[in-house]
There are 2 protein chains.
Amino acid sequence: MLPLPTTQTTAGYRTERRNAPAASVGSPLNPIELMGAQMPFSRDAEIFGEKEPAEYIYKVVSGAVRTYRILADGRRQIQAFHLAGDVFGFEPGEEHTLSAEAIVDSRILVIKRTAVEALAARDNQVARGLLALMARELQRVQRHVTLLVMTAQERVIDFLLEMTACDPEKALTLPMSRQDIADYLGLTIETVSRTFSSLETAAAIELPNSRRVVLRDREALSRLAN
Amino acid sequence: MLPLPTTQTTAGYRTERRNAPAASVGSPLNPIELMGAQMPFSRDAEIFGEKEPAEYIYKVVSGAVRTYRILADGRRQIQAFHLAGDVFGFEPGEEHTLSAEAIVDSRILVIKRTAVEALAARDNQVARGLLALMARELQRVQRHVTLLVMTAQERVIDFLLEMTACDPEKALTLPMSRQDIADYLGLTIETVSRTFSSLETAAAIELPNSRRVVLRDREALSRLAN
DNA sequence: CGGAATATTGATCAAGATCAAAGCGAGTGG
DNA sequence: CCACTCGCTTTGATCTTGATCAATATTCCG
């Protein structure tokens with residue numbers, strides 16, 4: 001509501017990334033960020049847990065974060081990966097409905113929620129920013145729903161394109177493990193691994209090592225993805 | 001953000017339903033609804049389409065609505081079913097990212113978006129209501145993501161429980177077809193039909209006819225749904 | 001009543017899961 | 001420096017779930 005930027009990054013609401021789509025997006029928390037403090041989290045450290053009071057809003061300064069939920073049958077469902085510039089943990093309820101962990105050693109900007117609330121109550125611009133934040137998150141989750149009805153190969157390609165969407169580089173280093181990817185795509189680790197291999201065989205990507213991916217033919221990938 | 005009701009209906013942001021969880025939820029558009037006009041839509045009529053300017057916000061007065069997207073491969077993905085009391089079509093961008101159709105003959109309250117925007121800009125209470133609306137929608141879509149990684153039987157049961165969540169009645173008349181259900185659950189019509197049959201065989205439900213479902217043993221269902 | 005749309009049921013197929021066995025790489029200690 | 005180990009990844013063989021193809025059955029309406 002209220003004129004909001006319609007542009008969206010596919011990998012999350014992200015700011016301060018190179019190739020940012022002009023100033024229109026900007027940082028939704030710009031006026032607030034000054035109030036936050038940076039905190040280091042080491043690999044696999046929990047940032048917040050499900051059912052904990054949602055006292056803070058977070059922004060990835062460096063590193064990477066996964067937000068997830070443990071399902072009734074014990075499986076882990078990863079909701080999203082958050083990279084540098086992404087805001088996460090912004091939930092309107094009193095309690096977090098997700099857990100968050102650092103995927104690698106990360107620096108996270110932590111902002112008190114009450115501070116944001118207070119500011120939003122007075123400053124309409126801030127309130128609008130929050131709405132935009134949530135709107136972009138909504139679109140991201142909707143994309144995730146769409147992803148989950150596609151084939152394994154389509155999911156993996158979509159994931160790769162999403163990870164490089166804001167990034168013209170052809171090569172990337174994935175911060176997350178195969179298991180993380182599998183839990184995000186709703187596949188098994190074996191299927192993810194096999195799909196990576198078959199994409200390499202098809203000359204669409206190169207895998208110098210398990211964490212490194214070179215998109216050799218983005219066009220071919222896009223075609224396969226659909 | 002800002003003290004919001006944490007209660008949520010599983011089937012959407014819904015108001016004016018019996019057993020409403022106290023006054024805390026209320027109608028998020030209460031002050032605004034007066035500005036809207038009721039319009040009738042007949043079965044399968046389009047309410048709005050993807051890419052159309054998002055000029056209005058909608059609320060189901062009676063009947064049922066499906067919001068959906070057509071995927072690149074031509075399949076239809078149903079995003080949500082909206083029943084009486086549900087608000088839909090509230091998208092922050094300039095254009096709709098989904099299409100909406102009446103599932104059965106329906107009466108829809110149509111409210112001009114600019115009117116809501118204007119009010120929200122002045123009245124913080126209204127702005128907060130919009131945020132709550134979007135937050136509940138976000139949670140609904142997150143539930144949908146979770147649904148799509150479960151087995152066929154779990155998805156169908158989850159759907160049935162969702163359709164009756166706000167409703168203590170054991171019997172319900174589904175407004176939507178098997179195809180609609182299949183496109184919502186990411187299954188084929190055959191699998192949905194077979195799962196319904198097997199649940200009937202297992203004495204968990206009764207199917208007097210294809211649109212009518214009687215939940216014979218809600219406990220058993222919940223257990224099967226895992 | 002007839003015909004079209006929708007739903008059910010059956011038979012087979014295929015994508016991805018599961019079970020199982022290497023392969024690889026980074027860190028550790030001899 | 002090299003062997004060893006542990007965790008992660010890849011690859012292989014087989015099985016299961018749900019898709020697909022196909023044939024009725026039912027319902028809805030004109």
Side-chain angles (χ1 to χ4, degrees), chain A residues 42-44 66 71 73-78 103-105 147-160 173-202 205-213 224-225, chain B residues 42-44 66 71 73-78 101 103-105 147-160 173-202 205-213 224-226:
Chain A
S42 47
R43 184 169 183 280
D44 292 335
R66 60 180 167 250
L71 305 184
D73 61 2
R75 271 184 308 166
R76 180 184 64 162
Q77 161 132 52
I78 290 187
I103 296 175
V104 295
D105 292 354
L147 197 114
L148 292 178
V149 300
M150 306 198 298
T151 65
Q153 175 165 289
E154 289 168 337
R155 296 188 211 188
V156 169
I157 292 176
D158 205 89
F159 164 75
L160 286 176
T173 301
L174 300 173
M176 70 290 284
S177 69
R178 292 285 184 272
Q179 187 64 62
D180 285 337
I181 298 172
D183 289 349
Y184 176 69
L185 298 180
L187 299 171
T188 59
I189 185 175
E190 292 97 329
T191 298
V192 172
S193 184
R194 269 185 253 273
T195 306
F196 270 66
S197 298
S198 91
L199 288 176
E200 187 174 35
T201 303
I205 64 173
E206 280 172 72
L207 298 164
N209 65 59
S210 74
R211 290 302 176 102
R212 190 102 187 130
V213 183
L224 290 173
Chain B
S42 47
R43 185 169 184 278
D44 291 335
R66 60 180 167 250
L71 305 184
D73 62 1
R75 272 184 309 166
R76 180 184 65 162
Q77 161 133 54
I78 290 186
E101 288 173 356
I103 297 175
V104 293
D105 293 353
L147 196 113
L148 291 178
V149 300
M150 307 198 299
T151 65
Q153 175 165 289
E154 289 168 339
R155 295 188 211 189
V156 169
I157 293 175
D158 206 89
F159 164 76
L160 286 175
T173 301
L174 300 173
M176 70 290 284
S177 69
R178 293 285 184 271
Q179 187 64 62
D180 286 337
I181 298 171
D183 289 350
Y184 177 70
L185 298 180
L187 298 171
T188 59
I189 185 176
E190 293 97 329
T191 298
V192 172
S193 185
R194 270 186 253 274
T195 306
F196 270 62
S197 298
S198 92
L199 287 176
E200 187 174 35
T201 304
I205 63 173
E206 280 172 72
L207 297 165
N209 64 61
S210 75
R211 290 301 176 106
R212 190 100 187 130
V213 183
L224 291 172
N226 208 1

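Per chain, numbering begins at 1; letters A, B, ... match sequence-line order.
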Select base, sugar-phosphate, or nothing to describe what A:Arg211 touches, counting heavy atoms under 4.0 Å on all strands. sugar-phosphate

Worked verdict on A:Leu199 versus A:Leu224 for side-chain contact (heavy atoms from CB on, under 4.5 Å): CA-CA 10 Å; A:Leu199 288 176; A:Leu224 290 173; 4.1 Å; yes

Looking at side-chain heavy atoms only, is the closest gap between B:Phe196 and B:Arg178 below 4.5 Å? yes

Judged by each residue's nearest nucleotide on DNA chain C, which is more toward the 5′ side, A:Met150 or B:Ser177? B:Ser177

Between A:Pro208 and B:Phe196, whichever has its closest DNA chain C nucleotide further toward 5' is B:Phe196

Can you check nucleotides 17-20 of chain C for protein contacts, nitrogen or oxygen pairs under 3.5 Å, and list what you find?
residue, atom, partner, partner atom, Å
C:dA17, OP2, A:Thr188, N, 3.4
C:dA17, OP2, A:Thr188, OG1, 3.0
C:dA17, OP2, A:Thr191, OG1, 2.4
C:dT18, O4, A:Arg194, NH2, 2.9
C:dC19, N4, A:Glu190, OE2, 3.0

Between A:Leu207 (CG) and C:dG25 (C1'), how many Å, whole number? 16 Å

In whole angstrom, give the distance that lies between atom CG of B:Asp73 and atom P of D:dA19. 14 Å

Derivation and outcome, side-chain contact (heavy atoms from CB on, under 4.5 Å), residues A:Leu71 and B:Val149: CA-CA 10 Å; A:Leu71 305 184; B:Val149 300; 3.8 Å; yes

Categorize A:Ser193 for me: base, sugar-phosphate, or nothing, with a 4.0 angstrom heavy-atom threshold over every strand shown. base

If I take atom CZ in residue B:Arg155 and atom C1' in nucleotide D:dG18, what distance separates them, rounded to the nearest angstrom? 9 Å

Atom-to-atom span, CG of B:Asp180 to C1' of C:dA7 - whole angstrom: 13 Å

Can you find a pair of side-chain heavy atoms, one from B:Ile181 and one from B:Leu174, that are under 4.5 Å apart? yes

Nearest listed nucleotide, side chain of A:Thr151, among C:dT9, C:dG16, C:dT8: C:dG16

side-chain contact (heavy atoms from CB on, under 4.5 Å) partners for A:Arg76, two or more places apart: A:Arg66, A:Tyr68, A:Ile70, A:Ile78, A:Gln179, A:Asp180, A:Asp183

Distance from A:Thr151 atom OG1 to A:Gln153 atom CD, nearest 0.5 Å? 6.0 Å

N/O contacts under 3.5 Å, protein versus nucleotides 28-30 of chain D?
none

For B:Arg178 and D:dA25, give me the distance from atom CZ to atom P, rounded to whole Å. 18 Å

Would you check if A:Thr191 and A:Leu185 make a side-chain contact, meaning some heavy-atom pair closer than 4.5 Å? no

Whole-Å distance separating the CD1 atom of B:Ile181 from the P atom of C:dA7: 8 Å

Run the side-chain contact (heavy atoms from CB on, under 4.5 Å) check on A:Val192 and A:Phe159 step by step: do they pass? CA-CA 11 Å; A:Val192 172; A:Phe159 164 75; over 6 Å; no

Roughly how many Å is it from CG in B:Leu174 to P in C:dT6, rounded to a whole number? 16 Å

Could you give the CD-to-P distance, from B:Glu200 to C:dA7, as a whole number of Å? 15 Å

Would you say that A:Glu154 contacts A:Ile157 through its side chain, given a criterion of any heavy-atom pair below 4.5 Å between the two side chains? no

